[in-house]
Enquirer: 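I have a structure here, written as structure tokens, and I will follow up with some questions on it.
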Amino acid sequence: MNLIGQDQKAINERACKNLMTIQVNISTEYGLKPLIAAVKKLAKSTRIPAEHARLLRIIERLTPYQKPIDFVKSQQSLLRTYLYTHTMSLSQKQDGQQQKGERVTTVTEIPEIYNALRDLEFSANEAAKNLAPIWDGMREDILREVRDLEIDVSDILVSGVDLSRRFITSVGTPKCIHSSKMSGMSLPSTMADKWAKESEQQLTTMLEGAKNQALKDGLTHMDLIVTQLSTGKRLSQSLIDHAQTHSKKMRGMVEAYDNDARVLFLCDEIDKHISNKTTDVWKDDSAMRQKSLEVANSVRKNLTAITAPVSQKQIDYANIQLAGGLLPDLID
């Protein structure tokens, strides 16, 4: 997806100066939820009235004990959602594969994002800490319930401290992305060149993946805006807020990486016709709403085209026609 004909090494070096990574680790405890979910499934499938009633009784009596655990998980989810909304994955995984590990964002955004993540980290860890006395206060009641219901939940009936320790939420220190330069190292030149080239290719894959993810996240939100503006339902402020967030993320990634003029133009369009509007304007001004819908449709079409794989034929043609890179026309 990178712009054909550009000096990829120079693009990567610019990205190393303009982007930083951050690692977030989250480990959680599901508590009684898997058991409750399994019992619900059994309750739906059984045709025996007495068994159905017994299973419903298990659900009714165990569900309240899951709520303190769910609260801690909700605090972790707030951090995870913020992280995924404001950063991209820096991974060598391809589309369709699970991408975990470091997240990447622009240097200019790092202070705000890092401080927000640390606040969310504190809230999640405080929730886990506060779970300990709550759980200790419920353990005897849970023991009585499971004995009466004749089920085994011994893996969860640990002390409150042990349970709270199963929740791990940590935000790492932001780091620079290192280039593939190996000059000055005592290595045979052929070996150093080979490894430098492989390292450069790996970095390109990760940066292209991060850009692609930012664009696809924006594309998904444009899908939602088109649907909502077309049907007239659920015109919430979050549609506008998230459009602004996605535009900012796409713009930041592109400006830090390859300065893809196509994407920058689309971000301008989003900012001008979508993210600066209000739901009241969309509801009261049909012409303004129609314009936002047209822009969302255009952005969606162009992001779909930009994120499509580049064929070898396109690469060969572009390298012949344009030494400085090919900028395909935007779709009307």
Side-chain angles (χ1 to χ4, degrees), residues 24-85 89 91 93 95-101 120-170 216-217 220-221 223-224 227-228 231-236 238-239 242:
V24 172
N25 294 311
I26 298 176
S27 179
T28 195
E29 167 60 60
Y30 292 96
L32 299 165
K33 198 163 190 173
L35 172 63
I36 294 172
V39 173
K40 284 181 179 179
K41 186 175 181 179
L42 288 173
K44 287 182 179 180
S45 63
T46 185
R47 297 182 180 181
I48 303 172
E51 179 64 7
H52 182 74
R54 186 183 78 87
L55 295 172
L56 290 181
R57 190 166 68 253
I58 293 175
I59 296 169
E60 179 183 2
R61 290 165 65 173
L62 290 185
T63 296
Y65 301 114
Q66 177 63 24
K67 290 182 179 179
I69 292 177
D70 284 343
F71 177 73
V72 183
K73 289 173 61 183
S74 72
Q75 298 304 296
Q76 291 183 317
S77 293
L78 289 175
L79 187 152
R80 186 183 292 108
T81 298
Y82 181 90
L83 178 70
Y84 282 23
T85 300
S89 173
S91 169
K93 299 292 185 181
D95 286 348
Q97 296 177 309
Q98 191 173 22
Q99 296 190 0
K100 292 186 176 181
L120 292 167
E121 174 195 39
F122 177 81
S123 297
N125 287 330
E126 279 295 294
K129 180 181 176 181
N130 294 335
L131 174 64
I134 296 173
W135 188 256
D136 284 335
M138 297 192 308
R139 281 183 73 249
E140 290 302 318
D141 293 335
I142 298 174
L143 279 167
R144 283 194 296 270
E145 294 286 8
V146 297
R147 280 197 297 265
D148 183 43
L149 297 170
E150 298 181 347
I151 54 178
D152 179 24
V153 291
S154 56
D155 60 321
I156 193 66
L157 289 177
V158 296
S159 70
V161 171
D162 287 339
L163 181 64
S164 68
R165 286 174 178 167
R166 294 182 182 180
F167 293 91
I168 299 172
T169 308
S170 64
K216 287 191 173 182
D217 288 347
T220 298
H221 191 63
D223 283 337
L224 179 60
T227 298
Q228 298 305 327
T231 61
K233 299 176 181 178
R234 300 182 63 183
L235 294 179
S236 66
S238 64
L239 285 173
H242 290 163

Enquirer: Might you point out which heavy atoms bring G160 and D136 nearest each other, and give the distance in Å?
Expert: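 Closest pair (atom of G160, atom of D136, distance): N-OD1, 2.7 Å.
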Enquirer: Calculate, to the nearest 0.5 Å, the distance between atoms OH and CG belonging to Y30 and D155 respectively.
Expert: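 Y30 OH to D155 CG: 14.0 Å, rounded to 0.5 Å.
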Enquirer: Take S170 and E121 through the side chain to side chain contact (heavy atoms under 4.5 Å, CB included) test and state the conclusion after the steps.
Expert: CA-CA 6 Å; S170 64; E121 174 195 39; 4.1 Å; yes
Enquirer: Please name the pair of heavy atoms, one in L62 and one in L32, separated by the smallest distance, quoted to 0.1 Å.
Expert: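 Reported closest heavy-atom pair: O-CD1, 3.9 Å.
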Enquirer: Within the structure provided, determine whether K41 and K44 are in side-chain contact (heavy-atom separation under 4.5 Å).
Expert: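 With C-beta onward as the side chain, the pair stays apart.
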Enquirer: Quick check: do E145 and Y65 have side-chain heavy atoms less than 4.5 Å from each other?
Expert: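 Yes. Closest side-chain heavy atoms under 4.5 Å.
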Enquirer: Can you find a side-chain donor-acceptor pair between T46 and E51 that sits under 3.5 Å?
Expert: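 Their side chains do not contain a donor-acceptor pair, so the 3.5 Å distance test is not met.
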Enquirer: Any side-chain heavy atom of Q66 sitting closer than 4.5 Å to one from I156?
Expert: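 No, their side chains stay 4.5 Å or more apart.
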Enquirer: Please evaluate residues H242 and L224 with respect to the criterion side chain to side chain contact (heavy atoms under 4.5 Å, CB included), reporting the C-alpha separation (whole Å), side-chain torsions for both, the decisive distance (0.1 Å), and the verdict.
Expert: CA-CA 11 Å; H242 290 163; L224 179 60; over 6 Å; no
Enquirer: What distance do I134 atom CD1 and K129 atom NZ have between them, rounded to the nearest 0.5 Å?
Expert: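 Here the interatomic distance stands at 13.0 Å.
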Enquirer: Is a donor on one side and an acceptor on the other found under 3.5 Å between the side chain of T81 and the backbone of L78?
Expert: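 A pair under 3.5 Å: no.
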Enquirer: Heavy-atom distance under 4.5 Å between the side chains of L55 and K40, does that happen here?
Expert: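 They are not in contact (no side-chain heavy atoms under 4.5 Å apart), so the answer is no.
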Enquirer: From K33 NZ over to T63 OG1, what is the distance, rounded to the nearest 0.5 angstrom?
Expert: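 Rounded to the nearest 0.5 Å, the NZ-OG1 separation comes out at 10.5 Å.
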Enquirer: Could you state the interatomic distance from CD1 (I69) to OG (S74), rounded to the nearest 0.5 Å?
Expert: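 Reported value, rounded in 0.5 Å steps: 12.0 Å.
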Enquirer: Write down the atom of A128, the atom of S164, and the distance for their closest heavy-atom approach.
Expert: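 Looking at all heavy atoms of both residues, the closest pair is O-CB, 2.9 Å.
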Enquirer: Donor-acceptor check, side chain of H221 to backbone of L239, threshold 3.5 angstrom: yes or no?
Expert: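 Yes, the answer is positive, given that a donor and an acceptor are paired below the 3.5 Å cut-off.
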Enquirer: Can you confirm whether Y84 sits close enough to V24 that some side-chain heavy atom of one is under 4.5 Å from a side-chain heavy atom of the other?
Expert: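 A side-chain contact is absent here, since even the closest heavy-atom pair is not under 4.5 Å.
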Enquirer: Apply salt bridge (charged side-chain N to carboxylate O under 4.0 Å, His left out) to R57 and E60, showing your working.
Expert: CA-CA 5 Å; R57 190 166 68 253; E60 179 183 2; over 6 Å; no
Enquirer: Does the side chain of Q75 come under 3.5 Å of the side chain of S123 through a donor N or O and an acceptor N or O?
Expert: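 No, S123 and Q75 have no side-chain donor paired with an acceptor closer than 3.5 Å.
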Enquirer: How many angstroms lie between CG in N125 and CG in L120, if you round to the nearest 0.5 Å?
Expert: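 Those atoms lie 11.0 Å apart.
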Enquirer: In Å and rounded to the nearest 0.5 Å, what is the CG to CE distance from D141 to M138?
Expert: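 The distance works out to 8.5 Å.
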Enquirer: Return the minimal non-hydrogen interatomic distance between V72 and A124, and the atom names on each side.
Expert: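 Closest heavy-atom pair between V72 and A124: CG1-O, 4.2 Å.
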Enquirer: Would you say F71 and L131 make side-chain contact, with heavy atoms under 4.5 Å?
Expert: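 Sidechains of L131 and F71: no contact.
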